[in-house]
Amino acid sequence: MHICHLTVLNPARHSRIFFKAARSQVAAGYRVSIIGQDPAPRPYTFEGVQIIPTGRFGRLSWQRWRARRKVIRLAMQEKADVYQIHAPELLLPAQALGSAVPDCRLVYDMHEDYARNIRCGGYYPPAVSGRLADWVRQRELNFVGYGQGVIYAERCYTGLLPFPEDASVVVENKYQAPSGIATVPDFGDSARPLLLYTGTIAESWGVLEAIAFWRDMNTHLPCRLAVVGHTHDRDLLTKIRDQVQDSPQFLLVGGSEYVPYERVIGWIQKADAGLALYRLRENIRDRLPTKFYELLAHGKPVIYSQNPAWQEFFADAGQGMALPLPWQSADVVQIADQFKHYLSAPSPAIPPDEKWSWESEAFKLIQFLGKLPT
């Protein structure tokens, strides 16, 4: 069976699309291709997966709006048995794909609650965000009429689309190691502990809080901060540079460029603790960020925004330090004391506990795709 993954803004070698789903599908004996952002001039094969590049462009680029047609045209040429769709803007044109490729099955892989993100995330002006959120949700609901199923990346998304129970599954973003982990550089005073922010660089994801906390933490425990990720918001990169003021104890990796997953995991291995100081908007509170699994799998403690859902998660997982937002000086002192305890404790055993491992999710994904109706 041939499975073809379709995306617009995500890189083809995305952590969920390539490193988790596609590699697991190849291991299960499927033929797999991915149509997505990649700078290569022509298709190539990587770890058994065919990568069909669409170039590189930003969130607000005019190329994004042309890319939908290009992705669907390339998808028709693939004549796949299953199309795993990773972008809501491809759902409507995918209806034509379903007509053009007889007996193919269309599956929506919902990484995020995109409609709620648009409405609450602060990416778009209020006059636009409500209408755009409604448009995205309607495209998702319409997909139920011609698609064969939905894969939810979070348990809290269950039931957002009215597919029958046997046509939906939760496949969480647990940790899957890349084949090779990149060696990452040192910086600043290597005797200082390293705090790490990874993932999308965004104000709602707490990048400015991460910087503010690092600065406050230095009054109690001198430390370094690496921000490793990508953003389309160049104004935010300027804000970050203004806040850190060329400190040698700060390093920005990526910024306006994507950071390969192999390098992200290299930074997680190097770090002493991860930061997840998200602004707890409606679209974030019930989610479990992917970085939780990645950091826990490597035995790294997580300093996170105080949030009932996350406190319940870390009560079971351990290695979590909850910080109220906004915080007071006494809160930082408490975190510093907890962090010193983690620094003096022996490193936990590797490989990771199966609770954080992708293996359980790979099994659910393969089982789900194998029983899709024709």
Please check if the number of heavy atoms outside Arg69 that lie under 6.0 Å from its CZ is greater than 12.
no
Please name all residues satisfying side-chain hydrogen bond (donor to acceptor under 3.5 Å, both in side chains) with Asp337, sequence neighbours left out, ordered by chain then number.
none
Looking at Lys174 and Glu361, would you say the former's side chain and the latter's main chain have a donor-acceptor pair under 3.5 Å?
no
Between Ala226 and Leu194 the two heavy atoms that sit nearest each other are N-CD1, 3.9 Å
Using 30° and 60° as the class boundaries, would you call the ring planes of His111 and His14 parallel, tilted or perpendicular?
tilted
Phe187 atom CZ: more than 12 heavy-atom contacts under 6.0 Å
yes
Ignoring hydrogens and geometry, is there a side-chain-to-backbone donor-acceptor pair from Gln243 to Lys239 under 3.5 Å?
no
Does the structure place the NZ or CZ of Arg139 under 6.0 Å from the centre of the six-membered ring of Trp135, at an angle of no more than 45° from the ring's axis?
yes
Where Gln249 and Cys223 come nearest, the two heavy atoms and their spacing
CB-O, 4.1 Å
Is the ring centre of Tyr304 less than 6.0 Å from the ring centre of Tyr278?
no
Parallel under 30°, tilted from 30 to 60°, perpendicular over 60°: which one fits the rings of Tyr261 and Tyr175?
tilted
Are Ile366 and Phe18 connected in a single hydrophobic cluster, I mean Ile/Leu/Val/Met/Phe/Trp/Tyr linked by side-chain heavy atoms less than 4.5 Å apart?
yes
Do you know which two heavy atoms are closest between Ile284 and Leu280, and how far apart they sit?
CG2-CD2, 4.3 Å
Who passes side-chain hydrogen bond (donor to acceptor under 3.5 Å, both in side chains) against Trp214, sequence neighbours left out?
none
Tell me yes or no: between the side chains of Gln138 and Asp134, is some donor less than 3.5 Å from an acceptor?
no
Any donor-acceptor pair under 3.5 Å linking the side-chain atoms of Glu78 with those of Ser33?
yes
Under the salt bridge (charged side-chain N to carboxylate O under 4.0 Å, His left out) test, residues paired with Asp38 that sit two or more places apart:
none
Ignoring hydrogens and geometry beyond distance, is a side-chain donor-acceptor pair present between Asn173 and Trp358 at under 3.5 Å?
no
Following the transitive rule for hydrophobic clusters with a side-chain heavy-atom cut-off under 4.5 Å over Ile, Leu, Val, Met, Phe, Trp and Tyr, establish whether Leu92 and Val71 coincide in one cluster.
no
Can you tell me if Asp286 uses its side chain to pair, donor with acceptor, with the backbone of Cys156 under 3.5 Å?
no
Could you give me the CA-CA distance, side-chain angles and deciding distance for Asp109 and Lys20, then say whether salt bridge (charged side-chain N to carboxylate O under 4.0 Å, His left out) is met?
CA-CA 13 Å; Asp109 193 328; Lys20 296 173 184 175; over 6 Å; no
Which heavy atom of Ala167 sits nearest to which heavy atom of Gln148, and what is that distance?
CB-O, 3.6 Å
Is the distance between the ring centroids of Trp205 and Tyr197 less than 6.0 Å?
no
Work out which heavy atom in Leu225 is nearest to a heavy atom in Ala210; give both atom names and the distance.
CD2-O, 3.9 Å
Do Lys291 side-chain atoms and Thr198 backbone N/O form a donor-acceptor pair below 3.5 Å?
yes
Indicate yes or no: at least one non-hydrogen side-chain atom of Val332 is less than 4.5 angstrom from one of His220.
yes
What I want to check is whether the side chains of Arg279 and Ser305 have a donor and an acceptor closer together than 3.5 Å.
no
Rounded to the nearest 0.5 Å, how far apart are CD1 of Ile268 and CD1 of Ile181?
9.5 Å
Measure from NZ or CZ of Arg224 to the centre of the six-membered ring of Phe250 and say whether it is under 6.0 Å with the direction within 45° of the ring axis.
no
Ignoring hydrogens, what is the shortest heavy-atom contact between Pro88 and Val136? Give both atom names and the distance.
CB-CG1, 4.0 Å
Enclosure of Lys340 NZ (heavy-atom neighbours >12, cutoff 6.0 Å):
yes
Donor-acceptor check, side chain of Arg241 to backbone of Asp246, threshold 3.5 angstrom: yes or no?
no
Does Tyr342 have Lys300 sitting over its ring (NZ/CZ under 6.0 Å from centre, angle to axis within 45°)?
no
Regarding Gln37 and Thr7, do their side chains bring together a donor and an acceptor under 3.5 Å, going by distance alone?
no
Atom NZ of residue position Lys79 - does it have more than 12 heavy atoms of other residues, nucleotides or ligands inside 6.0 Å?
no
Please check: side-chain N/O of Asp331 versus main-chain N/O of Gln328, any donor-acceptor pairing under 3.5 Å?
yes
Would you say the side chains of Gln25 and His5 form a donor-acceptor pair under 3.5 Å?
yes
Evaluate the salt bridge (charged side-chain N to carboxylate O under 4.0 Å, His left out) criterion for residues Arg192 and Asp272: first the C-alpha distance (whole Å), next the side-chain angles of each, then the deciding distance (0.1 Å), finally the verdict.
CA-CA 10 Å; Arg192 295 187 179 195; Asp272 294 293; over 6 Å; no
